[in-house]
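Atom set for the values below is all heavy atoms of this structure, side chains included, hydrogens, waters and symmetry mates excluded. Just so it is clear: chains get the letters A, B, ... in the order the sequence lines come, proteins before strands, and each one is counted from 1.
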2 protein chains.
Amino acid sequence: MRSNSRKEFTFIELARRQQIIDATIESAAKEGYAGTAVSKVAQKVNISKSVVLYHFRNKDELIEETVTQIYDSLWSFVQPRILAESTANAQLRAYIEAEFEYLEMNRDQLLALSSIITNHRNKQGDLYLLEKATEAYLDLIGPMLEAGQQSGDFRSFAIVPMARTLMHAINGALEHWVRHPDISLRDYAGELMTLFDLATQQ
Amino acid sequence: MRSNSRKEFTFIELARRQQIIDATIESAAKEGYAGTAVSKVAQKVNISKSVVLYHFRNKDELIEETVTQIYDSLWSFVQPRILAESTANAQLRAYIEAEFEYLEMNRDQLLALSSIITNHRNKQGDLYLLEKATEAYLDLIGPMLEAGQQSGDFRSFAIVPMARTLMHAINGALEHWVRHPDISLRDYAGELMTLFDLATQQ
DNA sequence: GACAAATTAGAACGTTCGGTCTATTTTTAT
DNA sequence: ATAAAAATAGACCGAACGTTCTAATTTGTC
């Protein structure tokens, strides 16, 4: 009897789950969300697909845990880098730099994330993961921008368009990098840093 | 016998095809690319699904013609507005303004476009519509930015990151508008205009 | 009005999907 | 060593997919 109430996972189960999640990330990155079927994920790990559904209640749970894991990993990398800076300008640059560094190390993770959250819907048809992700993003980046306006480092722009543009600009970099793997991500990051330096400047 | 060699379409056939394409747009906008099945499109028009595949060779052709039509419509609206301006700064603002105007009038078109091109793959698994669309975009916006640099109106930034950020910024506005239909698109457009004014400025 | 072409509906096909069920093997605990 | 629990493979299910086929109906033409 597993996972009734708050039973902890065994090491084996944790390993299996991680293995399956990794395969899900790889599949979603390479074949997209639509191409990520339970059977294909299982095949990647060389297990029967019923094993996937033994370790995860259903596909939705697998998808959600995959997304959660990626987000936790990403933000736990990025957030300290932001908080390490004291001025708003430095924080903004640190955020872009950190996100690009993470991007370079975890391409498939962010590709999978993007493909999943823009396609995965609940029974009601809502892109609820996209909604949650966007809200979480604004909650993290919004205050940073507002602080910059309070301190006088930033001009008074509307927070949402600026934060969204920043978010989508970085996603655009990922999209570009996928199709042109030889570009310098460092250069791209540098371009975005000056771009948003100028865009936010007083 | 229809569509052998270069037989023209009858008025009725043209009307049917347009009807089907419109339903495809509506479906892709509301249910996403994955939710856009031939049977559902047919249902929207109250015809049998075999009728859809009578007027279009297969689903791929339906999707491609839908995308082509949206792009032709969008660019034939936007491009004259750009060319009507003489300075690079004015062209950039005109482009953003025009794209937002089109957006406000044709929400479903651009939602469908976005969902389709980021998901539709050929047998080899390539997102070829996304690739084509991005290249076409860069071919149109890139020269405008380069001209601005030549004339000294713009600083010397890398074209691709700037063009891509512009593209994704507008797509981000669409995404935001969908979830917050009451926002002022005019305001959002204004924010982007100043943002990119500053970002490109000498 | 008759005949051919264009258009349509609906059944059917093979495939894939997420999910369930059962039986078997492997692991763990005593 | 043995009994219980965990883990796995594989068959199976109903639903949905794109596509094909056939038969019927509508339309256009002479």
Side-chain angles (χ1 to χ4, degrees), chain A residues 1-21 23-24 27-28 31-66 115-116 119-125, chain B residues 1-21 23-24 27-28 31-66 115-116 119-125:
Chain A
M1 223 166 306
R2 76 174 242 292
S3 87
N4 51 355
S5 56
R6 63 214 65 209
K7 185 84 180 303
E8 272 137 47
F9 294 133
T10 69
F11 282 109
I12 289 183
E13 169 135 39
L14 278 180
R16 229 352 157 210
R17 286 171 66 93
Q18 191 55 52
Q19 199 182 18
I20 293 170
I21 287 179
T24 304
S27 173
E31 334 278 353
Y33 175 76
T36 302
V38 176
S39 61
K40 292 186 189 167
V41 171
Q43 208 169 4
K44 262 188 208 292
V45 191
N46 273 333
I47 55 178
S48 170
K49 81 168 167 174
S50 62
V51 176
V52 175
L53 294 165
Y54 170 77
H55 291 283
F56 298 88
R57 195 188 322 276
N58 49 33
K59 193 191 177 186
D60 283 359
E61 186 182 300
L62 168 60
I63 292 296
E64 287 182 14
E65 293 223 9
T66 301
S115 182
I116 290 174
N119 283 291
H120 180 73
R121 297 170 186 259
N122 57 17
K123 318 273 184 200
Q124 290 83 37
Chain B
M1 219 166 308
R2 76 172 244 290
S3 87
N4 50 356
S5 56
R6 63 212 67 208
K7 185 80 181 305
E8 273 138 46
F9 294 133
T10 69
F11 282 109
I12 288 183
E13 169 135 38
L14 278 179
R16 223 2 151 208
R17 285 170 67 92
Q18 192 54 55
Q19 199 184 17
I20 294 169
I21 288 179
T24 304
S27 173
E31 333 279 353
Y33 176 77
T36 303
V38 176
S39 61
K40 291 185 190 167
V41 170
Q43 209 169 5
K44 262 188 208 292
V45 192
N46 272 332
I47 55 178
S48 169
K49 77 172 164 174
S50 63
V51 176
V52 175
L53 294 164
Y54 170 77
H55 290 283
F56 298 88
R57 196 188 320 278
N58 48 35
K59 192 192 178 184
D60 283 359
E61 187 182 299
L62 169 60
I63 292 296
E64 287 182 14
E65 293 222 10
T66 301
S115 182
I116 291 174
N119 284 290
H120 180 74
R121 297 170 185 258
N122 59 17
K123 319 270 182 199
Q124 289 85 37

Mind checking what makes side-chain contact (heavy atoms from CB on, under 4.5 Å) contact with [X], not counting sequence neighbours?
| X | value |
| --- | --- |
| N46(A) | none |
| A34(B) | none |
| Q19(A) | R16(A), V45(A) |

Nearest whole angstrom, please: distance from the [atom2] of [N] to the [atom1] of [X].
| X | N | atom1 | atom2 | value |
| --- | --- | --- | --- | --- |
| Q19(B) | dT7(C) | CD | C1' | 13 Å |
| R16(A) | dA5(D) | CZ | P | 22 Å |
| F56(B) | dT20(D) | CZ | P | 16 Å |
| Q43(B) | dA9(C) | CD | C1' | 14 Å |
| N46(A) | dA7(D) | CG | P | 19 Å |

Applying side-chain hydrogen bond (donor to acceptor under 3.5 Å, both in side chains), can you list everything that pairs with [X], at least two apart in sequence or on another chain?
| X | value |
| --- | --- |
| S39(A) | none |
| E31(B) | none |
| S27(A) | T36(A) |

- prompt: Closest heavy-atom contact between T24(B) and V41(B)?
  reply: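 So the minimum-distance heavy-atom pair works out to OG1-CG1, 3.7 Å.
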
query: Quick one: is Y54(B) getting a side-chain N or O under 4.0 Å of the dT8(C) phosphate, OP1 or OP2?
result: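 No.
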
Is there any protein nitrogen or oxygen under 3.5 Å from a nitrogen or oxygen in nucleotides 19-23 of chain C, and what are the pairs?
from    : atom 1 : to     : atom 2 : distance (Å)
dG19(C) : OP2    : K59(A) : N      : 2.7
dG19(C) : O6     : K49(A) : NZ     : 2.5

query: Restricting to pairs with a member in residues 41-50 of chain B, which pass salt bridge (charged side-chain N to carboxylate O under 4.0 Å, His left out), not counting sequence neighbours?
result: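 As it turns out, the salt bridge (charged side-chain N to carboxylate O under 4.0 Å, His left out) pairs with a partner in residues 41-50 of chain B, which skip direct neighbours, are E26(B)-K44(B).
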
Candidate nucleotides dT8(C), dA9(C), dA9(D), ranked by approach to the side chain of H55(B) - the nearest: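 Comparing dT8(C), dA9(C), dA9(D) against the side chain of H55(B), the answer is dT8(C).
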
Produce the list of close N/O pairs, under 3.5 Å, pairing protein atoms with atoms of nucleotides 14-16 of chain D; give distances to one decimal.
none

